[in-house]
Amino acid sequence: TLVLSACTGGSGASGAGDTSGNQLLTIPREDLATFTRNFNPLSPQAAPMTLQAVYEPLAVHSMADAKDTPWLATKWEQAKDGKSLTFTLRDGVKWSDGQALTADDVVYTFQLQKKVLGGFDYLDKVTAVDAHTVKFSFNKAFSPAFYEISGHYILPKHIWSKVKDPAKFTNPNPVGTGPYTKIEKFQSQSYELLKNPDYWQPAKQHIAGIQMLAFSGNDSANLAFTNGEVDWTQSFIPDIEKSFVAKDKKHNHYWFPATGAMINWQLNTTKAPFNDPAVRKALSMAVDRDQITAVAMNGYAEPADCTGLARTYDKWRDTSLAASCTWTKYDTDATAKALDAAGYKESGGKRKLKNGKDFTLDISVGSASSDWISVANIIKQDLAKVGITATVKTPDWSAVSASYNTGTFDTGIVWSNNGATPYEYFRGVMSTKMLQPVGKQATEDYHRFGDKKADKLIDAFAAAADESAQRKQIDGLQELYNEDAPVVPLFTGPEWGAYTDARFTGWPTEKNPYATLGNRNGSTILVLTSLKPVKG
Amino acid sequence: MRLILRNLGFYLLAFWASITLNFVLPRFMPGDPVSRMFAQAQGTMQPDQIAQLRKLFGLDNRPLWEQYVSYVKSVLTGDLGISISRFPTPVSEVIGSQIGWTLLLGGVALVIAAVLGNVLGIVAAWRRGGVLDSVFPPLLIFVGSFPYFWLAMGALYLFGVSLGWFPLRHAYDVGLTPGFNGEFVSNVATHLVLPALTIVLVSVGGWMLGMRNTMIATAAEDYITMAEAKGLSPSRIMFRYAARNALLPSVTNFGMALGFVVGGALLTEVVFAYPGIGYQLLMAVQGLDYPLMQGIFLTITAAVLLANFLVDLVYVRLDPRVRVR
Amino acid sequence: MEPVLQVSGLRVEYRGDGRTVIGADDVSFSIGTGEVFGLAGESGCGKSTIANAVMRLLKPPAEITAGAIRFQGRDVLALDERELRAFRWREIAMVFQSAMNSLNPVLTIGEQIGDIFTTHEKLRKRAARVRAGELLELVGIDPGRLKAYPHQLSGGMRQRVVIAMAVALKPRLLIMDEPTTALDVVVQQEIMAQIRDLQRELGFSILFITHDMSLMVELSDRMGVMYGGRIVELADAKELFAKPLHPYTEALMNAFPPLTGPRRELTGLFDAPRTADSCGFHLSCPEDRSDCSMNIPDLREIGPGRWVARSAEGGSPR
Amino acid sequence: MTEPLLSVRGLTKTFQVGTVFSRRRVRAVNDVSFDLPAGRITALVGESGSGKSTIARCLARLEQPSAGQVLLDGVDILRTERRWASRAYRRKVQMVFQDPFGSLNPVHRVEHFLTRALVVHGRPATREALRELMTTVGLTEDMLQSYPHELSGGQRQRVAVARALAVEPRLILADEPTSMLDVSVRVGVLNLMRRLRDERDIAMLYITHDLGSARYLADTTMVMFAGELVEGGDALAVMDAPAHPYTRLLLSAVPDPERTGDYDPVERARLREAILNPTSCPYGDDGTCSRTDPVRHILGEDEGEPHWVRCHLRAPASDIARRVLKATDRPDGEATDTSEKAETTAA
Amino acid sequence: MTAVDIETTGTAAPATQARAARRRGLLRQLVDNRKALTGLTLLALFALVALLAPVLAPGDPSFINSTGSQAPSAAHWLGTTAKGQDVLALSLWGARSSLFVGFTVGLAATAVAIVVGLASAYFGRIVDDALTLVTNIFLLLPGLPLLIILAAFLPPGTSTVILVLVVTGWAGSARVLRAQAKSIRGKDFVAAAVVTGERPLRIMFREIMPNMASVVMTTLLGCVMFGIGAQAGLEFLGLGDSSVVSWGTNLYWASNDGALMTGAWWAFLPSGLCIALVAFALALVNYAVDEITNPRLRSRRARRQRRG
Ligand SMILES: Nc1ncnc2c1ncn2[C@@H]1O[C@H](COP(=O)(O)OP(=O)(O)OP(=O)(O)O)[C@@H](O)[C@H]1O
Ligand SMILES: Nc1ncnc2c1ncn2[C@@H]1O[C@H](COP(=O)(O)OP(=O)(O)OP(=O)(O)O)[C@@H](O)[C@H]1O
Ligand SMILES: [Mg+2]
Ligand SMILES: [Mg+2]
């Protein structure tokens with residue numbers, strides 16, 4: 001068979017080079033070696049594209065340009081007191097089985113969500129005002145609710161109300177309002193999503209369908225991508241200029257907008273030297289963020305400043321504060337001075353704690369996050385310059401997050417919340433509301449820092465009705481952040497995304513940032529409805 | 001018959017032991033799948049969903065022995081639970097859709113390696129000091145010294161990427177509908193070449209050397225001298241007398257090798273994005289998907305045990321001496 | 001009378017890494033038609049080496065470095081591979097030292113006997129099986145046992161199977177290398193009786209090898225006693241038993257306490273290895289033991305058919 | 001007669017073969033009783049697999065007997081030391097094995113074996129003690145530094161005897177000590193054993209296939225067949241007037257150049273066939289043996305040693321048996337005379 | 001994994017030849033054997049490299065300083081990784097962890113195997129049944145999957161890797177050693193030692209074990225090979241301790257940094273080659289031990305002609 005197969009072998013995926021106009025948009029999943037036919041959006045393990053191409057939300061928020069695009073709802077209105085929100089549904093939207101979308105579907109969706117998965121504590125009641133209007137009532141003024149509700153997928157009541165156990169329903173042939181709902185050729189390593197014949201904006205169904213491919217890891221997915229066998233990837237590609245762009249400068253592109261969450265080096269503030277903001281700031285100055293973003297993150301990330309805000313929130317940033325940042329600038333001498341001043345003197349090349357012991361610390365990172373391990377290693381090198389011995393610990397993520405949850409860790413590289421506004425971020429790093437004593441399970445604020453002053457600002461932000469009112473709170477929070485240094489902000493996580501426009505055009509770019517290049521987030525639908533096949 | 005029963009007894013005991021091990025192991029792991037999933041989602045998940053998810057996944061807090069009893073019970077009734085990382089797909093379904101590929105890859109590689117290795121070994125022992133005998137053993141040892149994954153990656157880049165002779169991934173071309181037709185079968189075969197090749201390369205040396213050495217040992221037995229004295233032709237002595245006996249240890253090794261092959265297949269599956277339960281297991285472990293992990297481990301164990309049992313049966317056919325004992 | 005087998009001046013060396021062991025040295029004897037020739041001697045003195053040399057079964061590192069083996073006038077050492085295959089078993093057959101190991105454990109005895117006929121007489125399988133059955137009957141085993149595997153038979157039965165195989169082609173000479181050492185005395189006697197019956201019937205000559213003197217004297221017509229790779233005494237069996245001339249032969253004869261008569265004290269015999277300061281039954285042995293056999297004097301005929309290794313000056317070796 | 005050093009009563013050994021899942025029982029020794037008096041050599045002869053070695057291994061406590069008593073100086077040691085033999089017992093009872101190469105660990109020097117035997121039992125391993133041991137068994141002192149493979153078979157066996165002697169035992173169990181030796185050196189070892197018995201008043205159990213050597217060496221001879229003792233008595237008496245069919249078979253099978261042509265193989269085969277029948281020895285057509293266990297008959301006495309046989313053929317009541325005996329053997333009047341003293345052993 | 005196949009065939013050599021081997025000393029003979037000499041030289045070389053790594057490549061080999069993988073040059077003989085680490089330094093330092101883990105695993109697994117094998121053979125019966133059952137179960141349990149599960153639940157670190165590899169690696173050796181020990185247990189010299197009054201432990205380790213030297217050696221080498229290979233496999237999968245510099249982690253990082261994809265073959269090649277060379281060296285020695293204890297296996301240049 002060896003000789004025989006040598007001749008027939010060759011091109012892998014079917015689509016490469018196909019420009020018939022009917023080509024499928026091929027997307028790899030590097031994190032799923034195999035697919036299971038589960039299109040239940042309630043399941044955390046729903047098959048890819050369930051939430052991107054099959055089911056749709058009321059409105060689409062793009063992190064790239066921070067814009068909200070009306071989708072299943074055409075408009076919405078917040079009550080004056082901020083305690084309710086009313087959506088008006090689009091006319092003429094049909095489920096893929098031909099039935100019309102009604103307000104009942106929306107009401108049912110949220111009922112089901114609360115029943116099966118919980119959440120939405122602030123949500124008092126969802127009512128269908130009429131067939132096209134839905135009203136969400138809250139138990140308090142809560143402006144971030146808009147993003148949660150508008151971004152939530154909507155399910156057809158007439159299907160789901162008949163399902164006995166919605167949590168365990170695999171929904172093999174989904175009925176949704178999305179552009180591509182027809183599942184074809186489902187196999188363990190690939191499947192196709194074809195056009196929804198009843199789509200409400202048929203003019204935007206330019207492409208014939210989507211083809212998903214399963215890969216066993218970044219390596220094999222990237223290989224397919226750099227070989228031109230898939231169109232759009234979101235996996236981390238090392239040295240993308242060389243390994244991808246250089247192969248076909250004309251068609252191969254990437255764009256890594258800094259729309260991800262802020263990645264922090266968190267110090268457990270319940271432990272001795274780290275409870276001192278001066279120490280935290282001193283350590284922060286020891287970190288060479290430029291090297292981290294350049295080497296560990298392959299130059300794809302943006303260094304953080306002392307406002308703590310990710311680049312996503314640029315419009316919220318207090319630029320004058322940002323310009324005068326001190327403790328996020330790399331300055332080993334300053335670190336040494338600051339530590340000396342705080343009482344952590346160096347002797348014999350080793351920095352000492354106040355009790356005379358060596359200043360040492362552990363940095364824990366989940367073993368799967370190789371890029372963050374490199375980040376930790378650079379921090380370790382940087383700390384060595386000021387006489388601090390750091391040890392990088394890389395157990396499995398589950399062990400790491402267990403130590404975060406209970407507050408038993410020393411320091412660690414951690415993600416942060418990434419909402420439409422900085423609300424979630426500041427709540428996560430500074431609010432006392434989220435604060436749990438060591439030993440109790442915490443779900444955010446692992447570093448266990450809380451500032452009552454921050455609470456006030458955060459609550460005021462949630463209750464504020466408009467952006468101008470919120471701006472003040474955010475400015476206050478930034479100043480507080482600069483003072484407290486609750487965590488050591490490192491860089492804004494980039495949103496990976498690369499594509500080849502050999503077979504499809506219309507991709508979001510830096511110049512046209514209508515969405516990010518992620519293919520599994522809320523704005524993916526915008527890309528799916530913008531791409532056009534290359535013909536001929 | 002008694003022998004078969006005795007073996008069966010052993011295998012059942014071994015199976016029980018692996019069920020127990022299987023039950024015990026994951027329970028020592030730190031963390032639980034839900035917080036793991038939460039950590040993985042990196043902030044995109046609602047914290048208050050955690051308790052709900054726990055309920056959803058049915059992680060129970062009953063006393064251990066109760067869990068054990070019900071675990072054994074459900075395993076024996078073929079219910080391996082519901083996968084967490086592929087919720088709500090039953091574990092048996094996940095495994096069912098994958099195991100065929102592992103068996104195909106592992107089986108093909110094992111059979112080729114064993115047959116090729118044994119034949120080479122026989123010939124090498126037969127022509128002592130010949131080219132085959134002096135060149136192959138060190139060469140194959142050397143090739144076999146490379147880590148599976150290293151050879152796999154090397155082969156992938158050399159034959160797949162640079163030369164483009166073989167497909168780079170998957171068990172068959174995307175878009176092909178599985179079926180028993182020439183196109184599909186040859187497609188599957190093409191995809192099998194590289195992954196199987198690496199496993200064969202790594203393991204064939206062991207088979208060859210083993211066979212060569214037992215052949216040489218066997219050739220010194222009195223019954224071989226007797227056969228020579230009887231004036232039988234050399235080939236008859238070689239195959240009917242020597243090889244037949246020298247093959248016996250290989251048969252036992254064959255059963256044992258299955259376990260290794262699954263391991264080897266796991267690494268190759270990762271490199272070639274080949275479907276299979278080996279890689280699935282790695283994912284399950286990383287996602288703390290107890291039920292899937294247990295299910296896969298149990299399935300592999302059961303398969304290895306079953307294969308060994310079958311090998312034992314074959315052995316009984318091949319070696320009349322064990323029949324009466 | 002033309003002897004069936006004539007061995008003259010045979011020397012076999014085992015060439016190991018660096019050192020060479022002499023397995024047999026200057027061995028000469030002949031076997032007449034229908035004669036039973038016995039070869040006795042202690043373990044390792046070279047009996048099997050001679051048997052294997054006659055069958056041309058020696059494998060490296062063994063090498064025949066001198067001497068000639070003639071079988072019915074043919075030069076055995078000159079046979080090529082193909083001639084050898086035809087020669088073996090048809091002309092000379094052999095019963096090996098241990099029957100346990102000389103049968104292939106994974107083939108039925110029927111197949112193993114049948115092999116002989118399919119190879120040498122080009123019989124079909126079925127015919128070969130019939131012949132095999134007849135052979136088994138000849139040695140008193142139920143032909144139904146053809147389907148049995150070796151391990152399913154007792155030691156005695158296995159030995160009989162091997163004997164049956166040996167006489168299958170009615171060879172002129174049968175070599176029996178300690179055919180009964182591993183067996184019970186009772187079984188041993190039965191086997192020996194059987195061999196004698198067969199010999200009476202088929203008329204072949206026997207080269208009989210053992211270290212059990214009484215057994216040998218009982219069975220053979222003529223016998224040679226070997227020591228250190230050499231034959232030290234060669235004579236008619238009864239005569240040799242009655243009047244051993246070489247001290248080693250005497251020692252051997254003396255080593256068996258009698259079953260009848262009064263108890264008399266047997267003298268302990270020489271009990272030092274050839275490695276130490278003496279080589280045993282001959283003179284002026286140097287330190288180097290590889291030379292031991294060299295110091296055994298050549299055989300001298302001291303009477304008709306009566307040979308003994310003794311220095312020319314006469315008198316017994318010290 | 002003096003109190004025996006060691007008495008064996010009703011010794012039975014059943015082996016379990018196979019693994020947990022398929023146990024099969026093999027009865028190797030069945031209800032055997034005998035005495036081993038000090039200063040006497042007792043020979044145990046019998047066919048291969050009849051259980052001779054098993055008895056020796058039971059007495060050496062290498063195997064645990066399934067039933068019975070082993071009385072050493074009147075104390076049942078199976079009761080006092082249940083699982084493992086004490087060193088005190090080992091000190092009194094030593095063993096010499098069949099294969100002198102196999103019984104000497106090839107990685108140690110001769111000195112090691114003797115030293116260990118002395119040291120384990122709390123004796124100082126002085127040069128003096130070692131030299132004395134070596135000379136006792138007829139070896140030279142310089143051989144202490146040799147490895148076993150540098151010695152001849154006879155010398156090795158002498159080392160094995162020296163090792164046994166080192167602890168100054170009162171009983172030596174010798175399991176075919178000469179069968180692996182070259183014929184030319186056998187007598188030397190036999191003579192050594194005889195000397196030890198005479199000089200040191202040691203009791204010996206001499207196990208052998210070789211009836212000639214048993215006759216040569218032993219004071220008492222016992223014949224074993226299929227796990228049971230079938231005949232016993234003064235060595236010469238048993239050999240010269242064998243009473244049990246098996247003993248006769250055995251004797252007739254020994255090659256003896258002086259007796260050439262004396263035996264009839266056909267008759268012997270018949271005898272053997274009959275004896276090997278599964279139920280003891282139904283040598284006769286009434287099948288008594290298949291119904292009842294044979295009993296012990298005392299045939300005569302020689303130097304205070306009763307000659308006994310365990311066989312129906314010797315029972316006075318059995319006419320058939322007498323007829324059979326007449327038909328197959330040399331006429332033998334005296335046996336039936338003493339049959340009145342027949343005693344029944346515990347079944 | 002090939003090791004297992006090789007070692008099970010190292011069947012008991014005829015006693016005389018084993019004796020001959022002992023007489024001349026196993027080590028001396030190894031030095032005389034060409035294969036063994038090659039293997040031992042290679043091993044010594046690697047051991048030397050491991051010991052001298054701090055001298056040959058001073059400083060932290062994993063020091064991250066710049067981007068860009070540079071091809072081999074005068075400054076960096078084997079080039080640099082994507083993080084600017086010197087590949088040569090990484091390979092040199094990697095020898096330390098890999099060899100340490102390999103040999104520790106080998107020694108520990110062999111020790112366990114010896115104890116189990118000896119106890120099993122010496123005590124027999126229930127002990128043997130139980131230990132054999134356990135051994136067989138461990139032998140049949142698929143190794144790598146078990147390894148992955150174990151490695152995942154224990155905290156990372158060299159000691160975990162060692163522990164896990166010992167747990168999954170001893171059974172094969174135990175089976176071989178048990179078989180060998182059992183055949184020695186049946187020898188009369190063991191019975192003789194019992195009769196002399198020796199205690200079990202002494203018999204096991206002073207009487208039985210010295211007779212198994214060559215089998216112990218082959219299993220030891222096999223275990224070392226297994227240890228090195230399996231450690232690399234684990235680390236490649238990211239289940240080892242990625243902060244340690246070893247050949248396995250080097251490959252892990254190389255693959256993570258897409259070394260092959262970006263054409264940086266120099267980051268990928270050396271560590272794999274090192275693993276293979278060490279394993280090859282061990283296999284050669286193993287092969288030679290087989291040959292020495294069983295001289296029949298020696299390859300002859302040409303079959304010597306029989307006289308004809
Ligand atoms: N393969 C071999 N290599 C080296 N020497 C050998 C070999 N085979 C036999 N010898 C030596 O040749 C001599 C004669 O051996 P042979 O087997 O002929 O003796 P034997 O008389 O048959 O002994 P036994 O009675 O034990 O069968 C012995 O000294 C032996 O060591
Ligand atoms: N360890 C054992 N396990 C099972 N069966 C055994 C064992 N040892 C001995 N036997 C069986 O017990 C019986 C008696 O064996 P034993 O070795 O005592 O005979 P023996 O008279 O010494 O024979 P030989 O003369 O051949 O040495 C035989 O049938 C043997 O198969
Ligand atoms: Mg011989
Ligand atoms: Mg015995």
Side-chain angles (χ1 to χ4, degrees), chain B residues 10 13-14 17-18 21 25-26 28-30 128-129 133-134 137-138 141-142 144-150 153-154 157 161 202-203 205-207 209-214 216-217 220 249 253 256-260 262-264 266-267 270 278 281-282 285-286 293 296-297 300-301 304-305 308, chain E residues 1-6 8-11 14 35 133-134 136-137 139-153 155 172 225 229 232-233 236-239 248 251 255 260-261 265 268 271-273 275-280 282-284 287 290 294 296-297 299-303:
Chain B
F10 164 73
L13 208 61
S18 64
L21 190 71
L25 273 183
F28 284 122
M29 294 204 179
R128 286 294 302 281
D133 189 34
S134 35
I141 298 180
F142 185 65
S145 301
F146 284 95
Y148 271 116
F149 60 88
W150 198 88
M153 290 182 76
Y157 275 87
V161 179
V202 171
S203 50
W207 287 108
L209 276 179
M211 190 59 188
R212 174 185 177 268
N213 290 0
T214 23
I216 289 169
N253 279 350
M256 294 286 169
L258 269 174
F260 291 118
V262 173
L266 187 151
L267 288 163
V270 176
L281 175 68
L282 188 64
V285 167
Q286 284 174 352
M293 205 152 71
I296 292 178
F297 189 73
I300 298 178
T301 313
V304 172
L305 290 177
N308 272 283
Chain E
M1 332 237 127
T2 48
V4 179
D5 298 330
I6 298 169
T8 46
T9 56
T11 41
K35 285 198 191 75
L133 184 73
V134 172
N136 280 338
I137 287 173
L139 205 59
L140 287 180
L141 291 185
L144 197 66
L146 182 63
L147 218 72
I148 289 175
I149 292 179
L150 283 176
F153 90 74
M225 267 189 269
F236 177 73
L237 291 176
L239 295 171
L251 290 172
S255 129
L260 283 182
M261 205 165 67
W265 51 267
F268 184 72
S271 291
L273 214 57
I275 296 175
L277 279 178
V278 170
F280 182 57
L282 290 165
L284 279 184
Y287 200 40
D290 263 356
N294 191 356
R296 276 198 302 258
L297 297 181
S299 70
R300 276 176 252 123
R301 274 289 110 121
R303 243 180 125 124

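Scope of the values below: all heavy atoms of this structure, side chains included, with no hydrogens, waters or symmetry mates. Chain identifiers are assigned alphabetically (A, B, ...) following the order of the sequence lines, protein sequences preceding nucleic acid strands; residue numbering begins at 1 within each chain.
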Chemist: Does the side chain of E/Tyr287 come within less than 4.5 Å of B/Pro137's, by heavy atoms?
Modeler: yes
Chemist: Between E/Gly272 and B/Pro147, which heavy-atom pair has the shortest distance, and what is it?
Modeler: O-CD, 4.2 Å
Chemist: Quick one: pull up CH2 in E/Trp265 and CE in B/Met153 and give me the separation to the nearest 0.5 Å.
Modeler: 15.5 Å
Chemist: Between NZ of E/Lys35 and CD1 of B/Ile141, what distance do you get to the nearest 0.5 Å?
Modeler: 8.0 Å
Chemist: When only pairs under 4.5 Å are counted, which of B/Phe146, B/Phe142, B/Phe149 shares the most heavy-atom pairs with chain E?
Modeler: B/Phe149
Chemist: Considering only heavy atoms, which portion of E/Ile275 lies under 4.5 Å from any heavy atom of chain B: side chain, backbone, both, or neither?
Modeler: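 For E/Ile275, backbone and side chain are both near chain B.
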Chemist: Contact part of E/Leu273 toward chain B, heavy-atom cut-off under 4.5 Å: side chain, backbone, both or neither?
Modeler: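 Both parts, backbone and side chain.
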Chemist: Verify whether the ring centers belonging to B/Trp150 and E/Phe268 lie closer than 6.0 Å.
Modeler: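 Between E/Phe268 and B/Trp150, which both carry aromatic rings, the centre distance is below 6.0 Å.
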Chemist: Just verifying a value: how many Å separate B/Leu13 CG and E/Leu133 CG, rounded to the nearest 0.5 Å?
Modeler: 4.5 Å
